[in-house]
Amino acid sequence: MTEPTAPLASLIREETARRRTFAIISHPDAGKTTLTEKLLLYGGAIETAGAVKARRAAQSATSDWMELEKQRGISITSTVLQFDYQGHRLNLLDTPGHQDFSEDTYRTLTAVDSAVMLVDGAKGVEAQTRKLFAVCRRRGIPIATFVNKMDRPVRDPFDLLDEIEKVLGITAVPVTWPIGTHTTFRGVYERSTGLVHLFEKDATHGARKAAVQTHGLDDPALPGLIGAPELAQLKEDLQLLDDMLGFPDVDLIRGQLQTPVFFGSAVSNFGVQHFLERFIDLAPAPGTLATADGLTTEVTGPFAGFIFKIQANMNKAHRDRIAFVRVASGQFDRGMDVLLARTGKVVKLSHSSAFFAQERTLVETAFPGDVVGLITSGQFRVGDQLYVGQLPPLPRMPHFPAEFFASLRNENTAKYKQFHKGLTELAEEGAIQVLRNPDGSGDPILAAVGELQFQVVQYRLENEYGCQVRLDRLPYAASRWLAPDSVQDVRGVGRWARILVDSHGDTVLLFKSDWEMNYALEAVKGLLLSELPPAGALESIRV
């Protein structure tokens, strides 16, 4: 079957309409993992939020499943968190905030329909936030903004709105407004309802939902609760907002002309529930996905999906590799036969799971917006497209040219099989490239976007595969693939570059400087280089 029947198309439309697939983007330390935990708490997915502060003394965050993440208190890999809330199915794709893991984050953003931009109320719009916002804008992803840490010393809220507009070029329109800041922060005013929500801190330090009192703006008890001067200031601010900005407009938000702004404190749960409830209304359901050539695919068409992430060893009990597929159109059915675009071969999707961090449940059906995990033994790559019928246009995965290089030595030859298996599986995840001499001799070379990736590889080889390894940095600054239409005899390039092959057998050249690369291009007739590997649905990205 290619085209869905009328009843099936109706079901697909109905199921798609209740889905929201989104990611949270931020600069490191803005509180992204904390906000993720609190959305799960208020969404009913967990009963107690993991404490991110004092991580050693408390349970770790749900989204941080990798042992190294728990030790360092940072997110270093994307996680899928699926849960239901108020009749909607939410697919939250948690992403790493550290810039050394940008490639993982950028690829995850190809699989979402909206994003939440988390801003530290004291620091405003920071460097990594600007980069991620630019990616969302280029891909047509609507963005909601959550200004965090309002219970600490912060900048004036109007200054923050002005900075968002000037730095990012988008109108920031508040949905909620803070009542006080730092030690006087008591809650938020919800502009659409005209209600004041006052929160109370408790002894759980945000591990459970905060108690809240709701009052009208003209409630005679309100001056005694927040103070008469604070109430007067609130009314003055609200009048200014009404005169200057008006109210959020769904069409302008989805057209990336507005970002709805919420204020709160994720660590103390202030404002989180009101954000979650309104975000569901403002964020779009899955629809057509942006592609590099501007083409689109309808959600009610035949099944189509793409692999945006591969992860090994998510669960020590399973020791398998999972390929994460974003369903772009049609209905996914466990056991269905689909075409793998890269090879043209038919594959059966038998082992399928839905995820909540590393926890998995068997999934029989899925709809556009959902993320399905497929067990892979090496047949899938990041960027692969799966489909029924004709290949639809789907987003291409971003690829960053590597900037850091290191040799990797196996210190225990008795662990050769484990070393080879670990390198192969970690390379499939797409965060690192494994390069070797053409004749297979010598130690493998790792190429990565960020230096911290090397520490992750070393840690995982030692802790997940039982290997002892040594990393030595190499003085290269750039890598390029030999283009398919280039001269193929590159032995003469060896004067300026190191000649290697990647895990697929394609030729890669390492240069110590741009000068050496440019000199090689001038000196070797017919030499053509590419930032992208010859095969795969990848798109070169520079930030």
Side-chain angles (χ1 to χ4, degrees), residues 100 102-104 106-107 110 135 138 291-293 341-344 381-385 395-409 423-424 426-451 453-454 457 471-543:
D100 281 9
S102 293
E103 194 162 14
D104 193 13
Y106 280 44
R107 288 173 176 174
T110 65
V135 174
R138 181 169 56 199
T291 64
D293 51 15
R342 177 172 48 83
T343 64
R381 297 184 196 174
V382 170
D384 274 348
Q385 299 178 356
R396 289 185 291 175
M397 293 296 104
H399 172 81
F400 290 17
E403 298 180 10
F404 299 92
F405 305 87
S407 63
L408 182 70
R409 173 162 296 180
L423 263 190
T424 300
L426 295 181
E428 283 180 4
E429 295 181 2
I432 59 162
Q433 301 159 27
V434 178
L435 311 175
R436 297 182 182 275
N437 290 322
D439 61 3
S441 64
D443 295 327
I445 305 299
L446 301 186
V449 174
E451 286 190 278
Q453 292 284 8
F454 294 147
V457 169
L471 276 164
D472 293 308
R473 282 292 308 276
L474 298 174
Y476 300 107
S479 64
R480 293 294 186 272
W481 274 269
L482 188 66
D485 49 353
S486 168
V487 58
Q488 297 300 302
D489 187 354
V490 294
R491 287 173 293 182
V493 184
R495 294 173 57 187
W496 305 283
R498 183 167 179 178
I499 304 170
L500 303 168
V501 294
D502 65 13
S503 55
H504 304 296
D506 296 314
T507 300
V508 180
L509 305 180
L510 301 190
F511 297 92
K512 292 183 178 180
S513 67
D514 288 342
W515 180 88
E516 289 190 343
M517 180 168 58
N518 292 331
Y519 198 90
L521 286 168
E522 292 178 5
V524 180
K525 185 177 180 180
L527 177 64
L528 296 174
L529 304 177
S530 172
E531 293 184 347
L532 296 175
L538 300 177
E539 173 187 4
S540 184
I541 296 288
R542 283 193 173 275
V543 294

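All residue numbers in this chain count up from 1 along the given sequence. Quick caveat: nothing in here was measured; it's all calculated off a predicted structure.
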Where do L510 and S479 come nearest, in terms of heavy atoms and distance?
CD2-CB, 3.4 Å

Measure the CG-CG distance between D506 and L532 for me, rounded to the nearest 0.5 Å.
12.0 Å

Closest heavy-atom pair, V135 versus Y106, reported as atoms and distance to 0.1 Å, is CG2-CE2, 3.0 Å

Could you grab the distance from atom CE of M397 to atom CZ of R381, nearest 0.5 Å is fine?
14.5 Å

Answer yes or no: is there a side-chain heavy-atom contact under 4.5 Å between R409 and D443?
yes

Answer yes or no: is there a donor N or O on one side and an acceptor on the other, between the side chain of N437 and the main chain of D439, under 3.5 Å?
no

Can you measure from CH2 (W481) to CG (L529) and round to the nearest 0.5 angstrom?
11.5 Å

Among D472, I445, V434, L471, which one satisfies side-chain contact (heavy atoms from CB on, under 4.5 Å) with L408?
L471

Kindly indicate whether the side chain of K525, heavy atoms from C-beta on, has any atom under 4.5 Å from the side chain of V487.
no

dist W496:CH2 -> N518:CG (nearest 0.5 Å) comes out at 12.5 Å

Given R436 and L423, is the side chain to side chain contact (heavy atoms under 4.5 Å, CB included) satisfied, shown in steps?
CA-CA 12 Å; R436 297 182 182 275; L423 263 190; 3.8 Å; yes

In terms of heavy-atom contacts, does CZ of R473 have more than 12 from other residues, nucleotides or ligands at under 6.0 Å?
yes

Got R480 and E531 here, is their nearest side-chain heavy-atom distance under 4.5 Å?
yes

Between A497 and L509 the two heavy atoms that sit nearest each other are CB-CB, 4.2 Å

Between CD of E516 and CZ of R498, what distance do you get to the nearest 0.5 Å?
13.5 Å

Within the distance-only criterion (no hydrogens, no angle test), does the side chain of R342 pair as donor or acceptor with the backbone N or O of Q385 below 3.5 angstrom?
no

So CG of L435 and OG of S407: to nearest 0.5 Å the spacing works out to 12.0 Å

Are L482 and V508 close enough, and set up right, to give a side chain to side chain contact (heavy atoms under 4.5 Å, CB included), and what steps lead you there?
CA-CA 6 Å; L482 188 66; V508 180; over 6 Å; no

Heavy-atom nearest pair, A448 first then F454, reads CB-CE2, 3.8 Å

On a heavy-atom basis, the closest approach of Q488 and A483 is NE2-O, 3.7 Å

Test item: R107 side-chain N/O and G430 main-chain N/O as donor-acceptor pair under 3.5 Å
yes

Grab the two heavy atoms, one from Q453 and one from I432, that are nearest each other, plus how far apart they are.
CB-CG2, 4.2 Å

